[in-house]
Amino acid sequence: MARVLVVGAGLTGSACAALLQGATRERVSVWDKARGAGGRMSTSRSAQDAACTADLGAHFYEELLSHGILKPLSARIEGLVEKEGSCDYVAPQGISSVVKYYLRQSGADVFYERHVTHISLQDGKWEVSGKMASPELFDVVILTMPVPQILQLQGDIVNIINERQKQQLESASYSSRYALGLFYEVGARIDVPWAAKYITDNPCIRFISIDNKKRNIDSPEIGPSVVVHTTVTFGKEHLDSDPDEVQQLVLSHLESLVPSLPKAASVKCQKWRYSQVTKAVPNCPGQMILHTQPLLICGGDGFTCSNFDGCIESAMSLAETVRSHL
């Protein structure tokens, strides 16, 4: 039985693993450098109360709707541009619940805190190793991390990626931004008429969400939470700034925009160096094959676009290519 490794437990990686389940008899493993699933579709929890959550990540529908993972958005979002014929959804248990659902469906062996740094050829297989990850051999490796992180990998992969592929991968670009999660104690009141709001005239903040309200969570036993996303320009300007200074700067802008906000019990500041794809890898819809035998392939939103459909499109392309090679 061949061994397949998916690097990255974000939406593309988890959906790809789920698509491979049942379609092949191969043993699938998923490695991620983080402590939990989600990738950029992460859900953070309050340090004081794990039930108080906030989606700090990026923003098959029928299947997810039928299992209650997604529900139609009913809360008021100020400044949301609605497209004719489209429907917006929300994940009541947090956006990472979508990724966790796919991982459960995949039946894959999932390992966290495995930061892949080296990929090399060894006896016709891929030897994969890195921080907190002893070397293991796989017949197929699927890379779903942001494109710049693929180019940072060491080992034989450096010479396997040819010059044309390297130029294509290097042409991909991402925006950067910060996200703040503010967590409140039970009973705290946030009196604003909206569940979320797009900001158009602030140099720091682009989006504010009363996250529990947006996800239709109304429980007297859970404190509210607020999510703040910065503008792309602010993210770029402060990409290498001290996180504590960034947090205080964002909070000062937030106070001027929503002066009625109470003091949060705790705050989490998340930096997304690779937030959203601004330019995808050209001429590689969904994925790129780096090596055929054994198969080494990469994909993700960097090969499509940074939304749910883009990630699923890439996952389907990756899974189809893997199945055709096994």
Side-chain angles (χ1 to χ4, degrees), residues 1-41 60 63-64 67 69 96-146 149-150 153-157 160-161 286-303 311-326:
M1 180 182 291
R3 297 190 70 200
V4 178
L5 174 64
V6 179
V7 181
L11 180 55
T12 300
S14 62
C16 179
L19 289 166
L20 289 173
Q21 192 275 334
T24 71
R25 297 180 58 189
E26 319 310 328
R27 178 183 168 194
V28 179
S29 296
V30 178
W31 288 9
D32 196 281
K33 67 179 182 180
R35 290 180 293 176
R40 281 168 287 162
M41 294 183 69
F60 317 48
E63 180 182 3
L64 294 170
H67 286 83
I69 307 298
S96 66
S97 64
V98 176
V99 174
K100 292 175 182 177
Y101 171 79
Y102 283 134
L103 290 176
R104 288 195 300 270
Q105 294 297 105
S106 74
D109 300 318
V110 184
F111 301 93
Y112 299 111
E113 297 185 302
R114 292 201 177 182
H115 185 176
V116 172
T117 59
H118 290 71
I119 298 178
S120 295
L121 281 168
Q122 181 74 28
D123 299 326
K125 296 180 183 292
W126 294 111
E127 182 182 73
V128 183
S129 60
K131 300 174 185 177
M132 308 297 289
S134 299
E136 290 191 33
L137 296 176
F138 295 91
D139 300 278
V140 175
V141 174
I142 306 167
L143 305 174
T144 67
M145 67 270 271
Q149 293 179 353
I150 296 172
L153 292 170
Q154 299 298 306
D156 291 339
I157 188 173
I160 286 169
I161 298 175
Q287 46 87 6
M288 174 189 285
I289 297 175
L290 301 177
H291 194 274
T292 305
Q293 292 295 335
L295 181 63
L296 175 62
I297 187 171
C298 55
D301 61 346
F303 297 82
C311 292
I312 296 300
E313 178 187 338
S314 178
M316 294 175 67
S317 179
L318 288 166
E320 181 180 356
T321 301
V322 171
R323 287 197 296 264
S324 68
H325 280 74
L326 292 173

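Just so we're clear, the structure is a prediction, and the values are computed from it rather than from any experiment.
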What I'd like to find out is whether the side chain of [X] reaches to under 4.5 Å of the side chain of [Y], using heavy atoms alone.
{"X": "Ile157", "Y": "Trp126", "answer": "no"}
{"X": "Leu20", "Y": "Val322", "answer": "yes"}
{"X": "Gln21", "Y": "Val28", "answer": "no"}
{"X": "Leu11", "Y": "Thr144", "answer": "no"}
{"X": "His325", "Y": "Thr292", "answer": "yes"}
{"X": "Gln149", "Y": "Pro146", "answer": "yes"}

Inset, instruction - Examine distances only and state if a side-chain atom of Asp32 and a backbone atom of Ala9 form a donor-acceptor pair shorter than 3.5 Å. - result: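 Checked: pair present.
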
Legend entry - Short side-chain to backbone donor-acceptor contact, Ser120 and Gly155, under 3.5 Å: no

Nearest heavy-atom neighbours spanning [X] and [Y]:
{"X": "Gln293", "Y": "His291", "value": "O-CE1, 2.7 Å"}
{"X": "Leu318", "Y": "Cys16", "value": "CB-SG, 3.9 Å"}
{"X": "Ile312", "Y": "Ala15", "value": "CD1-CB, 3.8 Å"}
{"X": "Asp156", "Y": "Leu121", "value": "OD2-N, 2.8 Å"}
{"X": "Ala17", "Y": "Val30", "value": "CB-CG2, 4.0 Å"}
{"X": "Ile150", "Y": "Cys298", "value": "CD1-CB, 3.6 Å"}

About how many Å separate [atom2] of [Y] and [atom1] of [X], when rounded to the nearest 0.5 Å?
{"X": "Ile142", "Y": "Ser314", "atom1": "CD1", "atom2": "OG", "result": "10.0 Å"}
{"X": "Thr12", "Y": "Met145", "atom1": "OG1", "atom2": "CE", "result": "12.5 Å"}
{"X": "Thr321", "Y": "Leu326", "atom1": "OG1", "atom2": "CG", "result": "10.5 Å"}
{"X": "Ser29", "Y": "Arg114", "atom1": "OG", "atom2": "CZ", "result": "8.0 Å"}

Inset, instruction - Step by step, work out the side-chain contact (heavy atoms from CB on, under 4.5 Å) result for Val140 and Leu5. - result: CA-CA 6 Å; Val140 175; Leu5 174 64; over 6 Å; no

Inset, instruction - Kindly determine whether Leu137 and Glu127 satisfy side-chain contact (heavy atoms from CB on, under 4.5 Å), including the steps that lead there. - result: CA-CA 5 Å; Leu137 296 176; Glu127 182 182 73; 3.7 Å; yes

Inset, instruction - Would you verify whether the NZ or CZ of Arg3 falls within 45 degrees of the ring axis of Phe138 while also being under 6.0 Å from that six-membered ring's centre? - result: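 The answer is yes; both the distance and angle limits are met.
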
Inset, instruction - Please confirm whether Arg104 makes a cation-pi placement over Tyr101, using NZ or CZ under 6.0 Å from the six-membered ring centre and within 45° of the ring normal. - result: no

Inset, instruction - Verify whether the ring centers belonging to Trp31 and His115 lie closer than 6.0 Å. - result: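 Distance test on ring centres: not under 6.0 Å, no.
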
NZ/NE/NH1/NH2 to OD/OE distance under 4.0 Å, [X] and [Y]:
{"X": "Lys125", "Y": "Glu136", "value": "no"}
{"X": "Lys131", "Y": "Glu113", "value": "no"}
{"X": "Arg27", "Y": "Asp109", "value": "yes"}

Inset, instruction - Please determine which of Leu290, Ile160, Leu153 meets the side-chain contact (heavy atoms from CB on, under 4.5 Å) test together with Ile119. - result: Leu153

Inset, instruction - Go through the steps for Leu295 and Val141 under the test side-chain contact (heavy atoms from CB on, under 4.5 Å), then give the verdict. - result: CA-CA 7 Å; Leu295 181 63; Val141 174; over 6 Å; no

Legend entry - Contacts of type ring-ring contact (aromatic ring centres under 6.0 Å, His included), residue Phe303, not counting sequence neighbours: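 In terms of ring-ring contact (aromatic ring centres under 6.0 Å, His included), with neighbours along the sequence ignored, Phe303 is linked to no residue.
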
